[in-house]
Every structure is written in structure tokens, then in C-alpha cells.
2 protein chains.
Amino acid sequence: MPTIARELAELAALIADPGRALILSRLMDGRAQTASELAQVAGVTPQTASWHLAKLARQALLKAERRGPRRLYRLATPLVAQMLEGMMTVAATGPQAARPPARIDAQMRRARTCYDHLAGELGVAVTDAMCQHGHLVLDHESGELTAAGTAFLSGLGVDLRPAARHRRLLCRPCLDWSERRPHLAGRAGAAIADLALQRDWIRRRPQGRSVEITDAGLTAFRTLFGARI
Amino acid sequence: MPTIARELAELAALIADPGRALILSRLMDGRAQTASELAQVAGVTPQTASWHLAKLARQALLKAERRGPRRLYRLATPLVAQMLEGMMTVAATGPQAARPPARIDAQMRRARTCYDHLAGELGVAVTDAMCQHGHLVLDHESGELTAAGTAFLSGLGVDLRPAARHRRLLCRPCLDWSERRPHLAGRAGAAIADLALQRDWIRRRPQGRSVEITDAGLTAFRTLFGARI
DNA sequence: TGAACAGTTCGATCATGATCGAAGCGTCGC
DNA sequence: GCGACGCTTCGATCATGATCGAACTGTTCA
């Protein structure tokens with residue numbers, strides 16, 4: 001036991017710096033960013049950011065790749081994103097007193113991506129609508145796409161067949177830290193987010209991981225999904 | 001975004017101290033411990049432990065309750081345990097180089113509880129066996145108990161009916177940090193762990209969260225479940 | 001009521017690690 | 001090649017927070 005606890009502490013120490021937390025939070029949309037951009041996000045000089053990034057990469061939380069003279073950083077694995085999401089859920093639930101909901105950024109609360117799927121009010125609304133229409137069964141620990149749900153997504157052009165051998169196990173509930181209710185994650189969730197980006201229902205904002213819901217998106221989510229958004 | 005990142009950093013800082021990490025790790029079996037015991041676990045004096053415990057309780061990671069002159073501490077919610085498990089998974093996967101498997105305590109690797117379900121070699125073996133016998137379908141992001149699986153557990157005296165309205169969504173895969181493969185969690189996993197404790201197949205060790213597999217347990221897991229353990 | 005014990009608060013000390021200026025290294029475009 | 005630019009390394013400084021001794025609080029039991 002001592003060993004895993006020590007490694008746990010080391011990992012936590014890595015996230016415990018405000019600058020590094022900002023960097024990790026920024027990278028949670030799964031995209032890669034340059035060191036300069038991340039320095040700006042963290043609010044520190046490039047050298048300090050470089051020091052942070054090296055530390056995060058050395059401990060395998062980040063992965064670096066060169067693109068010309070620039071260096072791009074991204075989360076090392078989806079597992080890291082999942083871990084951070086779990087931590088944010090606890091962090092947001094935190095000390096009950098000290099949480100005026102206003103402290104959570106409004107755009108983030110409205111709609112964002114959580115590594116590869118939709119989150120925020122949008123993510124929860126889409127999830128709720130799919131549950132109400134019998135496309136999805138979801139509780140706090142597990143989820144299942146129904147036959148109707150598979151057909152529904154197929155109708156939208158989402159092809160989930162490659163995972164047929166997985167027996168419809170494409171769903172994972174992900175507790176939304178801003179809404180404090182589960183939204184749809186897993187392969188099905190990622191497919192819906194991809195669809196929304198492709199059809200320009202949502203657009204990534206240049207900085208941050210919040211997304212903008214387009215007018216077409218608002219219509220689509222309401223009419224196609226029946227989402228109350 | 002800045003706000004949630006700051007809270008993320010604060011939360012991480014709470015776990016980043018080796019002593020507090022040891023305390024949290026110790027409490028991950030879901031049971032409550034006295035302040036003195038936790039001081040010993042953390043390897044610090046009672047005053048220091050008290051300071052740590054107060055800090056953890058103030059930030060709602062722990063819950064304290066009086067039992068006579070003693071004060072018992074436990075994890076505030078299952079969500080905290082789930083978060084810690086997620087962090088341990090990443091921590092154990094960590095820097096590929098620095099991980100001689102021997103660094104993980106042998107007893108912990110063999111069998112332990114992960115808040116309310118079985119983990120370690122035992123947890124994975126039971127999970128694998130149930131999958132092989134068609135009692136369970138599990139992938140890395142979702143799980144489902146089959147009709148055969150429900151019948152199997154019923155035959156062992158495990159009653160999962162109260163959750164019938166949940167449509168068999170009782171399973172959650174939990175990535176085992178020592179085995180690096182998923183084991184069964186969720187209500188079904190908790191029920192199996194309860195059964196094993198009640199029938200004295202496993203016994204909690206006085207300190208740590210590792211469990212001892214009894215001779216009867218070894219037989220039971222092998223013959224009833226078909227586990228290769 | 002008072003002794004005994006679990007736990008907490010306070011204060012001083014000390015170590016760890018974040019920060020930035022300056023300098024160095026690699027890569028690309030001319 | 002050479003200059004420019006993005007990024008990293010080095011060194012000195014400084015702040016945060018973990019630690020323990022000592023004293024205090026609160027609960028139980030006689």
C-alpha cells in the first residue's frame with residue numbers, strides 16, 4: 001500500500017499547481033496546443049510554462065510532438081481526461097458552502113466537450129431527451145443504447161456497427177460537474193459529438209473548451225433529438 | 001474555465017501530501033477509522049494527522065463522526081472513492097520506466113476491496129470467469145449482467161431485484177490499477193463482495209485494504225465461479 | 001467532580017518547489 | 001549558411017505549507 005499511495009501523491013502534486021491545472025483543463029478537449037498558447041492560458045512566462053510542461057510530460061500526463069519549430073502538447077491518453085473529469089466532479093461538488101453556481105463560467109456550463117463527447121447543459125439535455133424517447137437507458141453507473149436508439153443514430157448517419165461485437169456496450173455515464181447529473185459518454189457519446197461538429201451544430205471556441213451552439217444546432221438538437229435546450 | 005481549474009488544483013493539493021494520500025488510500029475500503037489509527041498509517045504525530053484530517057473534512061473529502069471520545073473518519077461519498085481509484089489507475093500506469101511491478105505491495109495486488117467491490121487478481125479473475133461463462137458482458141467502458149448472470153447470482157443467494165427497474169444496469173467496469181484490466185464494479189460487484197465477506201471467503205486484514213482469501217474462499221471462487229485464482 | 005484519554009489548536013521552524021531573467025539550443029525560411 | 005523565432009535550461013529568489021512540542025478542549029467513566 002505505501003507505494004501506490006506515494007505515486008498517488010506524486011500524481012496529485014502534478015495537478016496541484018494552478019498553472020498546471022489550467023493547462024490540463026485547457027487540454028481536456030483532446031486537442032493539442034502549442035507551448036506558447038498554454039503559457040498564456042496558465043498566465044505564466046514561456047519558461048515557466050516549459051518547466052510545467054516538461055514535468056507533466058515526464059510523468060506521462062502529456063504527450064509532446066514537434067510541428068516545425070513549435071511543440072504541441074496534448075493529453076497522453078483518454079484515461080487522463082477521464083481522471084480529470086472525475087476530479088472536477090468532486091471539486092465542483094466540494095465544500096457545499098463555497099459554491100455560488102455563478103463561479104462556474106457561463107459558457108462552459110452551457111456547452112463544452114469533455115474530451116470526445118458533449119457536456120454541460122447541452123450534453124445533459126441531449127442525454128435526457130434520448131432517455132425520454134427510449135433511445136437510451138442510463139443510470140448513475142451504467143448505460144445502454146437501445147435498439148431504437150441504434151436505429152435513431154443510424155438514421156442520422158452515425159455508424160456504430162464496427163462495435164457490434166461489443167453487444168451495444170457503447171455507453172458510459174459521465175457525471176457532469178456543472179450540471180451534477182450524468183450525461184452520455186463512451187463511443188456513442190463521441191459519435192454524437194463528432195456528428196454535431198461535422199454538421200456545424202456546434203463550433204469550438206478559439207480558446208477554452210466551451211463550444212458555441214449554432215442556430216442550426218439549436219434547431220437540430222430541438223427537432224431531431226427533442227432536447228430542451 | 002478559470003474557476004473550475006482553480007478548484008481542481010485545490011482538490012489535487014489536498015491529495016498531494018504523502019501523509020494525506022496514505023490516509024485516503026487507507027479509507028478507500030469504505031470503512032471508518034479513528035484519528036489515531038490514521039496518524040499511524042500516515043506516519044505522523046497525532047497533531048499533524050489531526051491537521052490533515054481537518055483539512056480533508058473541511059474540503060468535504062472526509063466525513064467525521066464521534067463515537068464516544070473517539071472520532072471516526074471515512075470517505076465523504078462513494079464518488080470520492082471512485083475518483084481516487086481513477087487517479088490510482090493513472091498513477092500506476094504512469095512513467096512507464098519507473099514501474100517495476102514489485103513496487104506494488106503483493107497482498108494488495110492479490111486481493112483487495114475497492115470501496116465496495118473486489119479488486120486485484122481476485123477481482124479480475126472473478127470478472128473474467130463470469131465473462132467466460134456468459135454471465136457478464138464487459139468492455140472497457142460499459143458492462144451488462146446477462147439473464148444467465150442474474151440467475152447465477154440469484155442461485156448464490158444474491159438478490160438484485162430492488163434494482164429491477166434499472167433494467168439490469170448494475171455493472172460498471174472499473175480499471176484495476178494493479179492488473180491494468182477492468183474488473184466488475186457497480187451494484188453487482190458490491191453484491192458479490194458482500195457475499196464473499198458474509199460467507200467468509202475473504203477476510204479484511206486488520207490494516208490496509210487488502211483482503212485474505214480463505215481456503216473456503218479459494219474453493220468457492222474456483223468451483224462456483226470457475227475463477228483461475 | 002475529577003482523572004484519564006482522544007483529539008485539536010497554536011506557534012516557531014524548516015524544506016520544497018514555483019517563478020522569472022538571462023542564456024542556450026533546434027528548427028525553419030531566406 | 002545565417003538570422004529569426006519557439007522553446008528549453010540554468011540560477012537565484014521567494015512564498016507556501018508540513019511538521020512537531022506544548023498547551024488546550026471535550027468526552028467518558030468512576
Side-chain angles (χ1 to χ4, degrees), chain A residues 2 5-27 31-74 95 207, chain B residues 2 5-27 31-74 95 207:
Chain A
R6 191 166 357 129
E7 288 172 14
L8 174 65
E10 278 171 23
L11 170 63
L14 229 51
I15 310 170
D17 177 83
R20 287 196 294 261
L22 280 162
I23 288 172
L24 290 168
S25 173
R26 176 66 186 85
L27 292 174
R31 289 183 297 174
Q33 301 288 338
T34 65
S36 313
E37 282 169 323
L38 292 172
Q40 200 171 354
V41 166
V44 294
T45 58
Q47 25 330 0
T48 303
S50 175
W51 184 72
H52 286 315
L53 291 168
K55 207 161 183 172
L56 290 168
R58 182 155 32 89
Q59 302 279 23
L61 285 192
L62 297 187
K63 204 161 49 177
E65 63 187 88
R66 300 201 80 103
R67 180 83 52 104
R70 302 168 187 276
R71 186 160 289 192
L72 295 178
Y73 288 90
R74 67 173 71 237
Q207 62 256 27
Chain B
R6 189 164 359 129
E7 289 172 13
L8 173 67
E10 279 172 22
L11 170 63
L14 229 49
I15 309 170
D17 177 82
R20 287 197 293 261
L22 280 162
I23 288 172
L24 290 168
S25 174
R26 176 67 186 85
L27 292 174
R31 289 184 296 174
Q33 301 288 340
T34 64
S36 313
E37 283 170 321
L38 293 172
Q40 201 171 355
V41 166
V44 295
T45 58
Q47 313 83 290
T48 304
S50 175
W51 184 70
H52 286 315
L53 291 168
K55 208 162 183 171
L56 290 168
R58 182 155 31 90
Q59 301 279 25
L61 284 194
L62 298 187
K63 203 161 52 177
E65 62 187 89
R66 298 203 81 103
R67 180 83 51 104
R70 302 169 186 276
R71 186 161 289 192
L72 295 179
Y73 288 89
R74 67 173 71 240
Q207 62 258 27

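Here the structure is a predicted model, which means the values were calculated and not measured. Here is the naming used below: chain letters follow the sequence lines, and residue numbers restart at 1 for every chain. Hydrogens, waters and symmetry mates play no part in the numbers below; they use all other heavy atoms, side chains included.
Shown here are the side-chain hydrogen bond (donor to acceptor under 3.5 Å, both in side chains) partners of Thr48(A), two or more places apart in sequence or in another chain: Thr45(A). Listed by chain and number, the residues in a side-chain contact (heavy atoms from CB on, under 4.5 Å) with Ala32(B) are Leu72(B), Arg74(B) (sequence neighbours excluded). By the side-chain contact (heavy atoms from CB on, under 4.5 Å) test, Ala9(A) is found to be paired with Ala21(B), residues two or more places apart in sequence or in another chain being considered. The side-chain contact (heavy atoms from CB on, under 4.5 Å) test applied to Arg70(B) returns Thr34(B), not counting sequence neighbours. Applying the side-chain hydrogen bond (donor to acceptor under 3.5 Å, both in side chains) rule to Gln33(A) yields no partners; only residues at least two apart in sequence or on another chain are considered. Legend: residues meeting side-chain contact (heavy atoms from CB on, under 4.5 Å) with Ala64(B), ordered by chain and number and at least two apart, are Arg71(B), Tyr73(B). Scanning for side-chain hydrogen bond (donor to acceptor under 3.5 Å, both in side chains) contacts around Arg31(A) gives Asp29(A), with sequence neighbours left out.
Following rounding to the nearest Å, Gln47(B) (CD) and dT25(D) (C1') show an atom-to-atom distance of 15 Å. One interatomic measurement links the two molecules: CD of Gln40(A) to P of dG6(D), which rounds to 13 Å at whole-angstrom precision. For the pair Leu53(B) CG and dA6(C) P, the interatomic distance rounds to 16 Å; values are reported in whole Å.
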Kindly give the atom pairs (protein nitrogen or oxygen, nucleotide nitrogen or oxygen) under 3.5 Å for nucleotides 26-30 of chain C.
none

Indicate for each nucleotide in nucleotides 13-19 of chain C, in 5' to 3' sequence, whether protein heavy atoms under 4.0 Å reach the base (B), only the sugar-phosphate (S), or nothing (-). ----SBB
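Within the 4.0 Å cut-off from OP1 or OP2 of dT27(D), not a single side-chain nitrogen or oxygen of Arg70(B) is found. Between Tyr73(A) and the phosphate of dT8(D), there is a side-chain N or O to OP1/OP2 separation shorter than 4.0 Å.
When all heavy atoms are compared, the tightest approach of Ile23(A) to Leu38(A) is CG1-O, 3.9 Å.
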